[in-house]
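These notes concern the structure reproduced below.
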Number of protein chains: 2
Amino acid sequence: MKTLKNDPPECSLNLLAMRDTLEVLGGKWKLLILHYLITRDDQINTFKKMQREITGISAKMLTKELKDLEENHLVHREQQNTKPITVRYTITEYGRSAGDLIQQLVDWGKTHRIKLLTSGQ
Amino acid sequence: MKTLKNDPPECSLNLLAMRDTLEVLGGKWKLLILHYLITRDDQINTFKKMQREITGISAKMLTKELKDLEENHLVHREQQNTKPITVRYTITEYGRSAGDLIQQLVDWGKTHRIKLLTSGQ
DNA sequence: CTGTATCCGATTGGATACTG
DNA sequence: CAGTATCCAATCGGATACAG
């Protein structure tokens with residue numbers, strides 16, 4: 001079956017898919033959190049540690065974002081048997097699937113910064 | 001020079017780069033607008049047409065987002081000699097550099113949707 | 001048509017204090 | 001430590017009217 005050149009169903013589908021991604025991974029913090037957990041998967045990343053090291057995020061936002069990410073199976077929450085209680089957050093296998101995306105964000109940002117410098121802005 | 005395992009400068013640099021990208025391309029609309037202009041580069045995309053076809057965006061937001069994108073040289077604005085005046089928006093060469101990123105957003109969204117369906121959510 | 005200006009409700013998100 | 005609850009300021013963003 002043939003599709004019209006300028007309004008193919010594929011275009012709408014792509015748009016829909018993009019909106020899905022932006023809904024799940026969008027906002028100011030989610031991708032930064034995933035990046036954090038991916039690059040520090042060899043460590044015990046507790047709530048407190050994350051809040052300290054992801055500069056600028058408040059407890060309220062970190063709670064909310066981690067909850068969202070957990071609901072989408074991108075992050076795993078595991079309560080430790082410590083006193084006082086600590087909670088370990090880890091990236092899930094599915095969460096890793098955002099790795100390429102994150103890497104591209106990093107790459108694009110680096111290139112953009114260079115462009116700004118060299119274009120004298 | 002050697003870097004520590006768990007807190008390499010590279011990690012901070014990556015974080016910084018990500019924040020840069022999220023600042024320039026982040027938010028609800030910018031990537032959708034770039035996607036729109038990339039996929040319809042063979043057409044005359046006017047303000048009105050864009051507002052009609054990018055579902056849900058208001059004039060106010062479209063104005064603001066286009067201005068931001070233009071300031072970052074991702075989008076080009078060109079006033080046409082028509083009566084009444086129309087304005088054509090096009091993607092710039094630099095704007096195209098976000099193409100891979102956008103494609104990954106699309107791909108991830110499609111995969112995510114499939115995952116939701118097959119995991120019975 | 002392409003915006004801008006204004007009003008105003010809704011949402012975001014920080015600060016602080018508090019609970020288990 | 002890991003959050004929750006509350007207050008409150010700032011911003012977001014739609015609707016409408018208007019200007020060039």
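First the proteins, then the strands, lettered A, B, ... as listed; each starts at 1. In what follows, every heavy atom counts, from backbone to side chain, and hydrogens, waters and symmetry copies are set aside.
With C/dT2, D/dA2, C/dG13 as the candidates, the nucleotide lying closest to the side chain of A/M61 is C/dG13. Considering only the side chain of A/S58, C/dG14 comes nearest among C/dG14, D/dG14, D/dA2. The side chain of A/T46 has D/dA2 as its nearest neighbour among C/dG3, D/dA2, C/dC1.
In this entry the distance linking NZ of A/K49 with P of D/dA2 reads 11 Å, nearest Å. C/dG13 atom P lies 15 Å from atom CD1 of A/I54, rounded to whole Å. Taking atom CG on B/L66 and atom P on C/dG3, their separation rounds to 8 Å, with Å as the unit. Put simply, NZ on B/K48 is 14 Å from P on C/dT4, counting in whole angstrom units. Nucleotide C/dA5 holds its C1' atom 9 Å from the NZ atom of B/K60, rounded to whole Å. Going from atom CZ of B/F47 over to atom C1' of C/dC1 covers 10 Å, rounded to whole Å. Residue B/E65 contributes atom CD, which lies 11 Å from atom C1' of D/dC12 at whole-angstrom precision. As a whole-Å value, the separation of A/M50 CE from D/dA2 C1' is 13 Å.
By the neighbour-count criterion of 12 heavy atoms within 6.0 Å, atom CD of A/E53 is densely surrounded, having more than that number from other residues, nucleotides or ligands.
Remark: B/Y89 is in phosphate contact with C/dG3, judged by side-chain N or O atoms under 4.0 Å from OP1 or OP2. For D/dT4, the OP1/OP2 oxygens have a side-chain nitrogen or oxygen of A/K67 closer than 4.0 Å. Distances shown here put every side-chain N or O of B/R88 at or beyond 4.0 Å from the OP1 or OP2 atom of C/dT2.
DNA chain D is contacted by both B/A59 and A/P84; A/P84 maps to the nucleotide lying nearer its 5′ end (nearest heavy atom per residue). Of the two residues contacting DNA chain C, namely A/K28 and B/V87, the nearest-nucleotide position lying further toward the 5' end is that of B/V87.
Side chain of B/R88 to main chain of B/Q43: a donor-acceptor pair is present (N/O by atom type, distance under 3.5 Å, no hydrogens or angles). The closest donor-acceptor contact from the side chain of B/T21 to the backbone of A/L105 lies under 3.5 Å. Panel note: side chain A/N72, backbone A/V24; no donor-acceptor pair is recorded below 3.5 Å.
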Tell me, with the steps shown, if A/K49 and A/Y36 meet side chain to side chain donor-acceptor pair (under 3.5 Å).
CA-CA 11 Å; A/K49 176 168 179 287; A/Y36 180 93; 3.0 Å; yes
